[in-house]
Structures are given as structure tokens and as C-alpha cells.
Amino acid sequence: MTQTSLFTADARTTKRNRAEKRFKAYGLTAISIGVFMLVYLLYTILSSGLGAFFQTRVTMDIPLVQEEIIKAEKGLLKTKAYKKIIANALYAELAEAGIETTMKEKELLGIISGRAPAELRSFVQENPDQIGTTVEFKLLAGSFIDGYMKGRVVRENAERSKNYSIAQLDLVDQMQKAGILKKGFNLAFITGNDASESSPEAAGFGPAILGSLAMMIVVAGCAVTLGVAASIFLEEFAPQNRFTDIIEVNISNLAAVPSIVFGILGLSVFINYLGPISGDDWIKNNSAFVGGMVLTLMTLPTVIIATRASLKAVPPSIRDAALGLGASKLQTVFHHVLPLAAPGILTGSIIGLAQALGESAPLLLIGLVLAQGASAPDSIAEFFAGPNTAMPAQIYQWSTRADPAFYERAWGGIIILLVFLLTMNILAVILRRRFERRW
Amino acid sequence: MTSKHDIDTQYNDNQTRDLDMNNIKISAKKVQVYYGDAHAIKDVDVEIQDKTVTAFIGPSGCGKSTFLRSLNRMNDTIDICRVEGEILLDNENIYDKRVDPVQLRAKVGMVFQKPNPFPKSIYDNIAYGPRIHGLAKNKAELDDIVEKSLRRGAIWNEVKDRLHAPGTGLSGGQQQRLCIARAIATEPEVLLMDEPCSALDPIATAQVEELIDELRSNYSVVIVTHSMQQAARVSQKTAFFHLGNLVEYGDTGQIFTNPQDSRTESYITGRIG
């Protein structure tokens, strides 16, 4: 045997070290690609969607003259008369700011959202005491003007467009300089109702957020209680035999079933079968209750698997200790095992909820989509039983509409959805920490 | 009214237990234990006396722990485990259909190989048993039980200032004495100990052994141990198990100095096991 020095690496060692270095490089590359994708994704979402949180509005004083309003209410097309009021007010506002314009009324009103007359009318109806005074309004600008302010609409295309003209854009520039037209934070996007296809500037995410909330309440109530109860039974009480083995395998398989299958299941079981049998208002398509139940079916396997894993992780010595003291099985589970498994159960449940929150396919299948411009339900019963929608379903709706302004709304909706998901995940981490730190 | 009744029962209990001093506490007759198809305990007959420390010795896998666990039906928690034969506690078969294992385990306490305090405070560890069995009517009585148990567990002086600190924060030896204190807090009549010192250092072992000797005045103690020296030190009776059979059972002195069976002799002299 030849004597070798420790200072020189032999061929085998060099090869081994090279393999190790290579492996590390692969890992690093994989992570770098992943991080890059994530950053790019976040960049795309934010750059496309942040615009939805800002909206261009035209500030103007509108004198609410009683005679004009009475006349308008007498007419057949009421909003048309309100259009006139707005146009006159805008002319006055422009004159006051020293902006000269020869623009016709129709073209001038093109700057303002088509929803503005209706908005003005509902203000007047809700505040009849304001009639006779002059009120400052911040009316929505039309979606193309808003797009111009955000850089989506450019001058070069104006000649070819029926929707906006060079003259309008010139006027907008002047109005902006004079401070009449401003881009500001758009609370209405978060709280407001969805709008019709022709007025994306007024579309809001409010009903979708509330609908998702309703479904989350149903899922949290059903999936977590059922899931935890089922897991405790399977893990602590059920005998180990063929039957429980089959159940176990099936639960694992259910977790991998595509969500749209659960949608079809919900459609056939809840809506087509249980609905007509029960004759209950709650069980019909597009109610949040049915949506929640379908999501519950989808979430149950996740909750059961997470709960069983955390029950399994509780050391058997704790069970022995309690049983050895003469605690019953139930006491052992509820006094000792469950508290120790709680952090894992909570995390699993929240992750299941987050999964359900982001699910769109089964909800679209059972028709959880609101009519364009429909408002959020106004009573608790309607909240669960009435027509409703959910965040991902609304995002999908917007993404299918033609106007590119809705594209921005869809991304904005994604931002709100992500904020909710992030909040839930942070909550899961905090709860886990808090419960684990106790001992 | 209730308290008078309690005192009466206690008095009667003490009387009968005094009489039982040299009497049989547990009597096993033709006990068979199966794990599925494996026959773990074969035809074991043994009589365990009251107020005595009985040691079960034998090589690993000989069934001594299995047999110990069948004395308070802890084997019930294992699905595939089956026990045949009779085990009589005060002349009542504990495997009778009418017996609720929960009640039995309150009478026959157990201490495990690895210290397993609940992840709760020292106080709550001790108080748990009395609470679920309703042994204390109020906080003051519970405090009394906790103090008495910790004193009997020879750990009171070390923990009296931090009763509300977590039990899991104690050292291994302290944890095991806490577990013993916890087991005696429910006033059992028999205390089963499954290698209680195997996870402890020699000093903690000495403390626990001393404690076992003291416990003998109140309880019938059955201890499984791998250490023959320990069996010789703490027990009055010794049973030697080998391959699921009870090979020899007798006074500790006799087993260690004058074993009747050649297998016992081989084991205690270190030739098998």
C-alpha cells in the first residue's frame, strides 16, 4: 500500500467533491429561478392591478335647483335631465377656471362616467334636504379618460377611436392643470358593487369580498368541526381494521381530486337533489350556503389529514400517562391530546380555508356569479341564501369582459385576494407560535 | 354527612388493608397474552402480596413489561393485544366484563419507563388525577392532596417554590419523582412501575429507589427492572421471566442466592440475557 499525503486530494475525493459542488449549484439555480418567478409575478400583479385602487374624478359644484329637479323627475328619461344639469355645471366650472371650450354637450359629457347622472339622482333622492343648495360632487371620469390618466389610453389612437377624441384629451389636460380633474384613492373599488360592462370605472369588489366571507363562515363552521371530529374518531377511537384502512386511503385520495369534481358533486347532490327535496331557500344555486358546502367538501380532506398528522405527533407517553391515572379515553383526548395538537390543527384548518378562499372552478359551476351591477345582500339570511359571488369568481368574470379597463380591475381583485390569503397565512403562523410557546 | 361516610370508608379501608398486610393483593391464574398471533405471555401464575415490593426481572423481550401492563389493563389500548386467564385484584377478576378499566386504573396506578409529565404546571400534573376522580371538594383540599403527594414523592422541597412552573422543565430524576407523586395522588392501592429508573442517572436512581422503599408501607409495588442489583436492593419478592414464561418466583434473597431453576441461575450470573 502506497503512502499518500493528506495535503493532496486523491482522484476519488476530487470526484466526490465535484459532485457535491454540482449538486449545490443545481439547488441554487432552482431556488434562484423560483425566486425570480415569484418576484416577476408580484411585479406583474402590482403593476397591473394597483391602478384599480386609484380612480380619476371630476370635482365640480352642482347647484341643485328645485325646479330643475322637479322637471327632471317628471320626464320619461329621468337621467337624461340630470345629464343636462351635470353638463351645465361642468360648463360653469370650466368658465370659472378660465378654460375656454367650444365643445358640444355630448362630447363634454363623454369625459364624465355614464353612471354620473344616476349617481347624482340617487344623491338627490337620498338627501332631499340638500335641494336648493349647491353641493360639491366628485363625479367619476369615464373609463377612457381614466385610462388616459393612467397611461392605458394614448393620444395616437384617438383618431381611430369612437370612444374619445383629441379635443377631449386636450380639455382633460387643461382640467387637470386647473385641479378640476384628479386621480385619487378609489375606496369604491373595495366597497362598491360591480358595474355593467359599459362602465368599468364604477366596478367594485365589495359583494365578492362579502360573498367570500359568507362562504368562509360556512366552511370554517362545517369543515373544521366535521374534520376535527372525524380525525379524532379515526385516530383515537376507531379500531384498526380493513374498513378504517379503506376510509383512510379514500380520504388521502379525496385530497387530490380536482376541485371542479366537487363542483359537479355539489351541483348534483345539493342543488339538483337536496334542494328540491327540502324545498329550502338556502339550498339553491348561487347561494353562499351551497357554495360554502361545496368548498367544505373540498376542504375536509385537507383538514382531516392535517388534524390526523398533528394528533399522531402527540407523543403516546402523554396518552399512557393520562390513561394510567384513570382518565377515560375521552378525557385523555380532550384534556391532553387535543390541546397539544391544537397548533397543528389550527394551521391545517387555516391552510384549508385559504385553499377554499382561492377556489373558483366549483363556484362557477354552481353559478356563484352575481348579475352585473347587483349589490351585496342586505340581510343575514340573504347573505347566506341569496344570490352571491366570491372573489375568484368575480375576478374571472372581469377577466372575460372586453373592455381593457376590466383587466385592471381583475388584477386589482387579485391583489385584494392575495392580501386576504397572506393575512390568513400570517394568522396561521402567529397562532402556531403562540400555542407552541406555552411550553 | 358525606364526610362522616368518607371517614368511615377510609377507616374500614385501613382496617382491611392492615389485615391484608401479608395477604395476596393480586393473583394471576393461567394468564396468556397474545399480540396478534404471537404468544407473548404463557401460562403465568403469580401471587403479588400487599405492602411488598415485587420485582419482575428477565432479559429484553421476555414479557415482563407486557405482564405488568396487563395488571391494570393498559394493554387494552393496543388493538391486537388479547389477554386470557384470570387476574384477581382483591378477589375480583379485572378482566370481567363488568369491570371498567378506567376505575381499575384509578386503583392500580402506573409509572412509566420514560418520565412523562403533562406539559402543564407541576401543580396541575399532580392535581389532574384527583380532579378527574373528584377526590377534592374544594381548592384547599386539592392543595392538601398536591402537597401530600409531592411530599410522599420526595420532591416537595425541590418544587414547593415553583408549583406553577411547567413540569417538563424539571430534570429527568425530578420528572420521574413527579410522575410517581402524580400516580400516588389518586390514592391507588397498587403501584406498577415499568423500569422507572432506566432513563435516570445513579443519583436520581438512588432517590427513586429510596422512595420505592418508603412507598411499600402504603402500597403494593410491582417494579419491572433490567438491573438485577436494583431488584436485589428494593424488592422483597422477585419473579424471573424468560421467553414469556414465569420461570421462578420467590423471596428476593432466595432468587439471588439460591435459584432453583438453571435458567434463573444463568441469567443472574450473566450467562444469558
Side-chain angles (χ1 to χ4, degrees), chain A residues 230-249 307-347 431-439, chain B residues 36 68-69 71-80 100-121 124-135 149 165-169 175 178-188 191-194 199:
Chain A
S231 319
I232 290 175
F233 176 74
L234 285 173
E235 201 55 47
E236 305 286 337
F237 293 95
Q240 282 283 317
N241 57 30
R242 234 187 140 73
F243 183 63
T244 46
D245 279 350
I246 290 173
I247 290 180
E248 197 164 322
V249 169
T307 305
R308 290 190 71 180
S310 40
L311 286 175
K312 261 198 194 108
V314 174
S317 65
I318 295 295
R319 294 184 182 83
D320 280 351
L323 290 174
L325 281 176
S328 69
K329 197 118 188 183
L330 199 70
Q331 285 172 326
T332 304
V333 171
F334 281 94
H335 294 166
H336 301 288
V337 179
L338 210 52
L340 286 175
I345 295 175
L346 269 175
T347 322
L431 284 174
R432 183 168 203 124
R433 288 265 167 82
R434 151 111 15 126
F435 277 95
E436 270 178 349
R437 213 182 282 153
R438 282 174 69 185
W439 300 108
Chain B
L68 188 79
R69 288 171 68 94
L71 293 182
N72 70 343
R73 293 186 59 174
M74 281 299 277
N75 282 336
D76 288 15
T77 57
I78 303 166
D79 277 339
I80 55 164
D100 186 340
V102 169
Q103 246 174 319
L104 167 72
R105 288 182 202 131
K107 255 182 157 184
V108 183
M110 186 152 193
V111 176
F112 297 85
Q113 185 169 359
K114 231 181 90 202
N116 54 356
F118 298 128
K120 296 174 189 279
S121 70
D124 286 334
N125 260 283
I126 305 292
Y128 182 67
R131 270 191 194 130
I132 58 173
H133 294 301
L135 297 183
S149 308
T168 38
Q175 285 190 13
L178 177 68
C179 292
I180 295 173
R182 181 177 67 186
I184 55 189
T186 55
E187 301 282 344
L191 198 56
L192 308 177
M193 298 180 145
D194 189 356

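Since this is a predicted model, take the numbers as computed values, not measurements. Each chain gets a letter, A, B and so on, in the order the sequences are listed, and its residues count up from 1.
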What heavy-atom pair brings A:Ala321 and B:Phe118 nearest, and what distance separates the two atoms? CB-CE2, 3.7 Å

Do the two ring centres, one from A:His336 and one from B:Tyr128, sit under 6.0 Å apart? yes

Decide if atom CZ of A:Phe243 counts as having more than 12 heavy atoms of other residues, nucleotides or ligands within a radius under 6.0 Å. no

Counting heavy-atom pairs under 4.5 angstrom with chain B, the leader among A:Pro239, A:Ala327, A:Pro339 is A:Ala327

Part of B:Pro115 lying under 4.5 Å from any heavy atom of chain A: neither

Any side-chain heavy-atom pair of B:Ile132 and A:Ser328 under 4.5 Å: no

Residue, of A:Lys329, A:Gln331, A:Gln240, A:Arg319, that accumulates the most heavy atom pairs under 4.5 Å with chain B: A:Gln331

Most contact-rich option vs chain A, by heavy-atom pairs under 4.5 angstrom, among B:Met110, B:Arg73, B:Met74, is B:Met74

Honestly, the part of B:Arg182 sitting under 4.5 Å from a heavy atom of chain A is both

Least distance between heavy atoms, A:Ser317 atom then B:Asn116 atom: O-ND2, 2.9 Å

Of the non-hydrogen atoms in B:Phe112 and A:Asp320, which two are nearest, and what is the gap between them? CZ-O, 3.3 Å

